[in-house]
Participant: 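So that we are looking at the same thing, I have put the structure below in structure tokens.
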Amino acid sequence: MTASTITDRQPDPLDTEYVLGLVDTALDAIAAAKTSAQLKQVRIDHAGEKSPLALANRAIGTLQPGQRKHAGQLVGQARGRVNQALAARQAEVDAAELEATLLAERVDVTLPVDLHPVGALHPVTALLNDMSDVFISMGWEVVEGPELESEWLNFDALNMPEVHPARGLTDTLFVDPPSDRKLLRTQTSPVQMRTLLSRDVPIYMVSPGKVFRADEYDATHLPMFHQIEGLAVDKGIHLGHLKGTLDHLAKAMFGDVRTRLRPHYFPFTEPSAEMDLECFVCHGESVGNPDRPCRTCKSEGWIEWGGCGVVNPRVLKAAGIDTNVYSGFAFGMGVDRTVMFRNNAPDLRDFVEGDVRFPRSLRGGAR
Amino acid sequence: MRVPMSWLRELITLPANVTTAQVADALTRAGLQVERIEVTGADVSGPVVVGRVLEFTEQPQRNGKVIRWCQVDVGELAPRGIICGARNFESGDYVVVALPGAVLPGGFEITARKTYGRVSDGMICAEDELGLGVDHDGIMVLPAQVNGQPLTLGADAMDVLQARDEVLEIDVTPDIGYCLSMRGVARETAQAFGVAFTDPYLIGNVRPTEGGYPIRLESENCTVFVALTINDVDPNAPTPTWMAARLVAAGMRSISLEVDITNYVMLESGQPLHAYDGDRLRGPIVVRQATQGERLTTLDDVERKLSPDDLLITDDSGPIGLAGVMGGQTTELTPTTRNIVLEAARFDPVSIGRTFRRHKLPSEASARFSRGVDPALPLAAARMAARLMAELGGGTVADAYTVVGQAPAMPVQRIRADLPARILGAPISAEQVVEVLRASGVRVTGPGEGTGSEWLRLVPPTWRPDLVDEYDYVEEVGRKVGFGVVRPSVPSAPPGTGYTFAQRSRRSVLNALATAGFVELLTLPFISTDELDRLGLAADDPRRATVRLANPLADTQPFMRTTLLPGLFAAVARNTSRSQDDLAVFECGAVFLANNRGAAPMPDVSRRPSPAEIAAVTGNLPDQPRMVGGVLAGSWVPSGWQGPAEKADWRHAVYLAQIATATLGMDLGRRATQREPWHPGRCAELFVGSGDDEVVLGHAGELHPKVIKAYGLPERACAVEFDLDALIAAAPRGGEVHPISPFPLTKQDVALVVDDDMPAAAVRQALVEGGGELLESVRLFDIYTGAQIADGKKSLAFALGFRAADRTLTEAEAAKSRQAAVDRAAQVCGAVQRA
């Protein structure tokens, strides 16, 4: 008996052979369906309202009451088997189709993704942020002030007498006319004096920012550069506190390195020192070792990092602070120069000429 | 200061095993930074020996030159034949001979070579060929005896000339001027190594004395003046080799015996001396300030216009010297000078500093005077020089001399013996303090010697004008014991509150801009008028109110920037010239806006200034707001596999400002405006807030084509500039969270026809006002102009979203709210709902 012949017959819900034949025919068709569309047609043909099984089911109502139970069981089980097979096949076909779709939708995930340009902070900004963070973490405050400043705050209040060579027109950029006593600050220390004048001690502060000198413009000199200067004024402050603070900064910035103080002279501090940073690349191993030269410290083992010292009491007195009770320390270092030796930047002019490759080369950070 | 080690080792007895490097290290640790150690004579190697010219024949050449064919005895069995082009020697003269195998400065190798038809078996050397000087007028002729010893033929000439030495180059800080002398460096070195030091100069408080050359002081800028006369000096007496060698090693030149002696004594003692030709002086020497318009021709043959601030040495003929800086021509020594008047004086450091800077005449003398010369030194130094002139030049030192003025008393200071330990944070005992200060020449009384047990009474030596304040002595102790004894510890600051709101805000904005794709630049803040002209600024534009510098680095850019844009434009042009065409750059920095707040005062520094003085000194300055500027050019995203380029346009300039406002929790408001240097139809005024709280921040848009051309920028370049300080000041602090409604959103679209020039933002604002509380979102999704609506009109399509906080809206409620929004738009903007 073939499928076509059996489906062409009059539905007979009492004919076991007929009903099972319908089931076999349906199961064959279900197994043969390869796509959702085919399966949908199979469902219509073999389980739909006009399918032989549905017609057989409907015919049960025309039977004698005594026959109905048997027929109902027969047809009900048959329809159940067909529906079960349909659901199972549907799941298989769906999975296969999803798999095919996903395969077809694959992309080359290595293609460049350029939704916007590559931005970057300037390395000086990034480093100033890093250095300021160290002091904020110690409970210090960051204070800023104007770049165009009063001569008194930049020099006199900091114990730099009028005859100091740095106060000349050859070193400092003055506002016209010079009798206005205004200039482009040569250091960020005037911010410290502003703070001393506006606030009670104790003070623990750093002042980052731009400073200016009437300097030449070449690979190692800029007329505008950046400093971060620190000031601590409290009871019992001494040079050991300065050394400890600088060692901490060095460690936070460069890892396991120390600083070294060499006596020097600055009007603002007394005693004064130059501060050297132990080379964080070679740790001094390049000294006297021509086989392992170090370009960061030029094989000297130490890098000149800045100036520092105990605040000259004359400076505190100019702010009206009792120097019998309070003392302080101060330090300052060049930020651009720090970027230079930290990141092997060869030419300071790159810092201000605006070639976008310079900030991008460090992506604004890179310790 | 250049310090020859041979000289230093003569002044103090260092242990033999102490190396030059160790000396350099010790001095550096004591604050005398040794910049480098130079080895003189190191570039001469191989046989360079003393020889004697036995005889020579002169041989004229075809080129007109006459050469000498010399037989030179260099201590060998037979003399050598050497060709020499110089003719400044006689038979029997001692000369320096470089033999084959020698290498002279510049890598010049000497070989036996054929020249002028003969084989020249070496070279007779001139001063410059040995690197000993610049003289090439002839060969060096040596005296028969050097330092009292007869010359040995064949001896190493560099040793005989004492041309091999190690020289310390010391960077002397301004406070320790006494270390601009061998005497000072020797004292410091002796202290560093704990060896004895005997000052070769018998300094002391000298009483005014008359009887020598008459002197009159008429200016307070000269406190001591000593005049000492030496007669009958032999003008032809040569400078001894040892002295010349030391002068050269110390960086000076050998000129003549008398001048060399004054320089030698200056280098050794630190006291600049001046020698006058006694026969050319006219009447008493008078030290006075110059008068306006006076003139003096200095030794360098330059006629100088003098100012009343200049201190002068004069005689009856007028000015004869710029005191402490440079002598004059009329009384300078000549090759026939026999009678010399020596000047040794003490001039005011500030006065000398001003004069040498005004006349741009830095000299060895002015360097020392401007840092302060030991006021007790002049007579001792003059006597040393006179003695040398007598010994080496055969002169007679006149018995009578003149001393005018007196060294001032040194200031007494008292410190507690534990002050150095307290300020240095180091374990330094009172005994150590006393020991160190005494070795530095300080007179120390105490502790316990009649001044109270803890106190030290201190009087500095005359050569230490830097020792005044208590902390000066702390530094002196610190320098001498070394900062290595300092015990590091981190002080504990009071609990902090972190960055200020403004600092955090600024950092957030800059980080956000960098993350969004903008590259931060820093540019120099100097501009020219021309740059402002090229921006197209009107004559009365506030950005023309510039601050001018008195001494700009470049005369072409004497002004401080009032806008960041010119600097950014220059950076953009530089980038495009380097084929970086797609640019999104920004800068955050101050601009300088001139005002007329008057001069800043200069209060007395010995006390705290008054509140009014503080207000003026901190406030009489130009306004310096911190701006953000940005420039865009080329493509925001270049064309690629994903599609065509997204050109940078006015939207990206606005976007930059939007990032800044959004980062600080604000919406950026915009309205059309016209402002240089922007395109008049494509410039937005940027603001935050509304009504009375509105704050205008700046501008954004496409640049004016004329500006683009004037600055050489890429076509359609765009720019933005706004006041970051003002933005941060307007930023909200804190704020409230909106309740989140869980009810469904009801969406309704509306298309409104308005006049073509009606700003979309105005229509949107009207919808917001009209829609009331239920209107949650408004989004412009289409703009239409064309056939279906009238000319001069446009259709704006908005998607409106309605939602209530407490219920699901009915269609009727949403429709009512929508109608209210449309009505408001009709009322305010003349909007007509499109059918």
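So you know, we letter chains A, B, ... as the sequences are listed, proteins then strands, and number each from 1. Every heavy atom of this structure was used, including side-chain atoms; hydrogens, water molecules and symmetry mates were not. The structure presented is a predicted model; accordingly, all values stated were derived computationally and were not measured.
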Participant: Give, as side chain, backbone, both or neither, the part of Ser179(A) having an atom under 4.5 angstrom from any heavy atom of chain B.
Facilitator: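 Interface part for Ser179(A): backbone (N, CA, C, O).
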
Participant: Which of the residues Leu583(B), Leu521(B), Leu621(B), Val547(B) is involved in the greatest number of heavy-atom pairs with chain A at under 4.5 angstrom?
Facilitator: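 When all of Leu583(B), Leu521(B), Leu621(B), Val547(B) are compared, Leu621(B) has the most.
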
Participant: Go through the atoms of Arg574(B) and report whether side chain, backbone, both or neither lie under 4.5 Å from a heavy atom of chain A.
Facilitator: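 Contact with chain A: side chain only.
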
Participant: For Phe518(B), is it the side chain, the backbone, both or neither that has a heavy atom under 4.5 Å from a heavy atom of chain A?
Facilitator: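 Just its backbone gets close to chain A.
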
Participant: Does any heavy atom of chain A fall under 4.5 Å from the side chain of Arg358(B), the backbone, both, or neither of them?
Facilitator: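 No part of it gets close to chain A.
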
Participant: Under a 4.5 Å heavy-atom cutoff, which of Arg194(A), Lys210(A), Met138(A), His164(A) has the most pairs with chain B?
Facilitator: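 So the answer, after comparing Arg194(A), Lys210(A), Met138(A), His164(A), is Arg194(A).
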
Participant: Of the backbone (N, CA, C, O) and the side chain (C-beta and beyond), which part of Glu353(A) lies under 4.5 Å from a heavy atom of chain B, both, or neither?
Facilitator: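 It is both, since atoms from each part get that close.
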
Participant: CZ of Arg354(B): more than 12 outside heavy atoms within 6.0 angstrom?
Facilitator: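 No, the 6.0 Å shell around CZ holds no more than 12 heavy atoms from other groups.
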
Participant: Report which part of Val310(A) has an atom under 4.5 Å of a heavy atom belonging to chain B: side chain, backbone, both, or neither.
Facilitator: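 The side chain, not the backbone.
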
Participant: Between Ser492(B) and chain A, with a heavy-atom cut-off of 4.5 Å, which part of the residue counts as in contact: side chain, backbone, both or neither?
Facilitator: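 Ser492(B) touches chain A through backbone heavy atoms alone.
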
Participant: Please look at Phe174(A) and chain B and tell me whether the side chain, the backbone, both or neither of the residue comes under 4.5 angstrom of a heavy atom of that chain.
Facilitator: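 It is both, since atoms from each part get that close.
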
Participant: Name the member of Ile176(B), Leu524(B), Asp604(B), Asp466(B) that forms the most heavy-atom pairs with chain A at distances under 4.5 Å.
Facilitator: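 Most pairs with chain A among the choices: Leu524(B).
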
Participant: Begin with the C-alpha distance, continue with both residues' side-chain angles, and end with the deciding distance and a verdict on salt bridge (Lys or Arg N to Asp or Glu O under 4.0 Å) for Arg29(B) and Asp25(B).
Facilitator: CA-CA 6 Å; Arg29(B) 272 187 282 116; Asp25(B) 187 48; 3.1 Å; yes

Participant: Please tabulate, for side-chain N and O atoms in residues 509-516 of chain B, each donor-acceptor pair with protein atoms closer than 3.5 Å (sequence neighbours left out).
Facilitator:
from, atom 1, to, atom 2, distance (Å)
Asn511(B), ND2, Arg507(B), O, 3.4
Thr515(B), OG1, Asn511(B), O, 2.7

Participant: State whether a side-chain donor-acceptor pair under 3.5 Å links Asn129(A) with Tyr499(B).
Facilitator: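 Side chains of Asn129(A) and Tyr499(B): no pair found under 3.5 Å.
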
Participant: I'd like to know which of Gly425(B), Ala493(B), Ala571(B) tops the heavy-atom pair count under 4.5 Å against chain A.
Facilitator: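 Going by pairs under 4.5 Å, I would pick Ala493(B).
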
Participant: Which bit of Val311(A) is near chain B, if near means a heavy-atom gap under 4.5 Å: side chain, backbone, both or neither?
Facilitator: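 Contact with chain B: backbone only.
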
Participant: Identify which part of Pro601(B) has an atom lying under 4.5 Å from any heavy atom of chain A, answering side chain, backbone, both or neither.
Facilitator: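 Answer is backbone: N, CA, C or O of Pro601(B) sit under 4.5 Å from chain A.
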
Participant: Below 4.5 Å, heavy-atom pairs only: which of Glu470(B), Arg479(B), Arg578(B) has the largest tally toward chain A?
Facilitator: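 Result: the option with the highest number of such pairs is Arg578(B).
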
Participant: Under 4.5 Å from any heavy atom of chain A, what part of Ile614(B) do you find: side chain, backbone, both or neither?
Facilitator: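 Answer is side chain: those atoms of Ile614(B) sit under 4.5 Å from chain A.
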
Participant: Please classify the contact of Glu274(A) with chain B as side chain, backbone, both or neither, using a heavy-atom distance under 4.5 Å.
Facilitator: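 The side chain, not the backbone.
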
Participant: Is it the side chain or the backbone of Phe155(A) that comes within 4.5 Å of chain B heavy atoms, both, or neither?
Facilitator: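 The answer is neither part of Phe155(A).
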
Participant: Regarding Arg626(B) and Glu147(A), does a basic nitrogen lie under 4.0 Å from an acidic carboxylate oxygen?
Facilitator: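 Salt bridge absent between Arg626(B) and Glu147(A).
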
Participant: Is the distance between the ring centroids of Phe526(B) and Phe559(B) under 6.0 Å?
Facilitator: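 For Phe526(B) and Phe559(B), the ring centres are not under 6.0 Å apart.
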
Participant: For Thr523(B) and Glu587(B), does a side-chain donor sit closer than 3.5 Å to a side-chain acceptor?
Facilitator: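 Yes, side-chain donor-acceptor contact under 3.5 Å.
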
Participant: May I have all residue pairs that pass side-chain hydrogen bond (donor to acceptor under 3.5 Å, both in side chains) and include part of residues 310-321 of chain A, sequence neighbours excluded?
Facilitator: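 Qualifying pairs: Arg314(A)-Asp469(B).
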
Participant: Heavy-atom distance under 4.5 Å to chain A: side chain of Pro603(B), backbone, both or neither?
Facilitator: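 Both the backbone and the side chain of Pro603(B) come within 4.5 Å of chain A.
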
Participant: Identify whether the distance between the nearest side-chain nitrogen and carboxylate oxygen of Lys182(A) and Asp176(A) falls below 4.0 Å.
Facilitator: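 Salt bridge: no.
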
Participant: Which atoms of Ile136(A) come close to chain B, meaning under 4.5 Å heavy atom to heavy atom: side chain ones, backbone ones, both, or neither?
Facilitator: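 It is the side chain, since no backbone atom gets that close.
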
Participant: Report which part of Thr172(A) has an atom under 4.5 Å of a heavy atom belonging to chain B: side chain, backbone, both, or neither.
Facilitator: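 Just the backbone, heavy atoms under 4.5 Å.
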
Participant: Does any backbone or side-chain atom of Ala157(A) lie under 4.5 Å from a heavy atom of chain B? Answer side chain, backbone, both or neither.
Facilitator: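 Only the backbone of Ala157(A) comes within 4.5 Å of chain B.
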
Participant: Tell me, for Pro202(A) versus chain B, whether the close heavy atoms (under 4.5 Å) come from the side chain, the backbone, both or neither.
Facilitator: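 Contact with chain B is through the side chain of Pro202(A) alone.
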
Participant: Evaluate the ring planes of His264(A) and Phe266(A), with Trp represented by its six-membered ring, and classify them as parallel (under 30°), tilted (30 to 60°) or perpendicular (over 60°).
Facilitator: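 Because their plane-to-plane angle lies in the 30° to 60° range, the rings of His264(A) and Phe266(A) count as tilted.
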
Participant: Non-hydrogen atoms of chain A under 4.5 Å away: do they reach the side chain of Ala426(B), the backbone, both or neither?
Facilitator: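 Interface part for Ala426(B): neither.
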
Participant: Top residue by heavy-atom pair count (under 4.5 Å) with chain A, among Asn551(B), Val477(B), Thr173(B)?
Facilitator: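 Result: the option with the highest number of such pairs is Asn551(B).
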
Participant: Checking the side chain of Ser150(A) only, and the main-chain atoms of Ala600(B) only, is there a donor and an acceptor separated by less than 3.5 Å?
Facilitator: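 No, the answer is negative, given that no donor and acceptor are paired below the 3.5 Å cut-off.
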
Participant: Run the salt bridge (Lys or Arg N to Asp or Glu O under 4.0 Å) check on Glu151(A) and Arg181(A) step by step: do they pass?
Facilitator: CA-CA 5 Å; Glu151(A) 184 176 355; Arg181(A) 301 292 189 175; 3.2 Å; yes

Participant: By a 4.5 Å heavy-atom criterion (distance strictly below it), what part of Gln33(B) contacts chain A: side chain, backbone, both, or neither?
Facilitator: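 Interface part for Gln33(B): side chain.
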
Participant: Strictly by modelled atom types, are Thr259(A) and Asp247(A) linked by a side-chain donor-acceptor pair under 3.5 Å?
Facilitator: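 Looking only at side-chain atoms, Asp247(A) and Thr259(A) do form a donor-acceptor pair, the distance falling under 3.5 Å.
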
Participant: When heavy-atom pairs shorter than 4.5 Å are enumerated against chain A, which of Arg357(B), Arg422(B), Met602(B) gives the highest number?
Facilitator: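 Most pairs with chain A among the choices: Met602(B).
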
Participant: Looking just at side-chain N and O atoms, do His221(A) and Asp215(A) make a donor-acceptor pair shorter than 3.5 Å?
Facilitator: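 Short answer, no.
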
Participant: Check each atom of Leu196(A) against the heavy atoms of chain B and say whether the ones under 4.5 Å are side chain, backbone, both or neither.
Facilitator: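 The answer is the backbone of Leu196(A).
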
Participant: Angle between ring planes, Trp636(B) versus Tyr655(B), binned at 30° and 60°: parallel, tilted or perpendicular?
Facilitator: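 Correct class here is perpendicular.
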
Participant: Could you check whether Arg260(A) makes a cation-pi contact with Trp302(A), meaning its NZ or CZ is under 6.0 Å from the centre of the six-membered ring and within 45° of the ring axis?
Facilitator: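 That pair qualifies as a cation-pi contact.
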
Participant: Compute whether any side-chain donor of one residue and acceptor of the other, for Thr125(A) and Glu520(B), lie under 3.5 angstrom apart.
Facilitator: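 Glu520(B) and Thr125(A) do have a side-chain donor-acceptor pair below 3.5 Å.
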
Participant: With only heavy atoms counted, which part of Val486(B) is less than 4.5 Å from chain A, the side chain, the backbone, both or neither?
Facilitator: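 It is the side chain, since no backbone atom gets that close.
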
Participant: Measure distances from Leu222(A) to the heavy atoms of chain B and classify the residue's part below 4.5 Å as side chain, backbone, both or neither.
Facilitator: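 For Leu222(A), there is no contact with chain B at all, as no heavy atom is under 4.5 Å.
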
Participant: Go through the atoms of Asn575(B) and report whether side chain, backbone, both or neither lie under 4.5 Å from a heavy atom of chain A.
Facilitator: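 Looking at Asn575(B), just its side chain touches chain A.
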
Participant: Name the orientation class of the two ring planes belonging to Trp140(A) and Tyr204(A) (parallel below 30°, tilted from 30 to 60°, perpendicular beyond 60°).
Facilitator: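 Geometry flag for Tyr204(A) against Trp140(A): perpendicular rings.
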
Participant: Suppose we call two aromatic rings close when their centres sit under 6.0 Å apart. Are His122(A) and Phe358(A) close by that rule?
Facilitator: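 Between Phe358(A) and His122(A), which both carry aromatic rings, the centre distance is below 6.0 Å.
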
Participant: Quick one: which of Glu141(A), Met193(A), His248(A), Glu149(A) has the most heavy-atom pairs under 4.5 Å with chain B, could you say?
Facilitator: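 Most heavy-atom pairs within the cutoff with chain B belong to Glu149(A).
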
Participant: Highest number of heavy-atom pairs under 4.5 Å with chain B: which of Leu261(A), Val113(A), Asp114(A), Asp133(A)?
Facilitator: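 Top count of heavy-atom pairs under 4.5 Å with chain B: Asp133(A).
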
Participant: For Pro161(A), is it the side chain, the backbone, both, or neither that has a heavy atom closer than 4.5 Å to a heavy atom of chain B?
Facilitator: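 Neither part, no heavy atoms under 4.5 Å.
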
Participant: When heavy-atom pairs shorter than 4.5 Å are enumerated against chain B, which of Gly145(A), Pro223(A), Ala214(A) gives the highest number?
Facilitator: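 Of the candidates given, the most pairs with chain B belong to Pro223(A).
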
Participant: Of all the heavy-atom pairs spanning Ala318(A) and Leu197(A), show the shortest one and how long it is.
Facilitator: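 So the two residues come closest at O-CD2, 4.1 Å.
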
Participant: Can you tell me which portion of Val585(B) sits under 4.5 Å from chain A's heavy atoms? Options are side chain, backbone, both or neither.
Facilitator: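 Contact with chain A: side chain only.
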
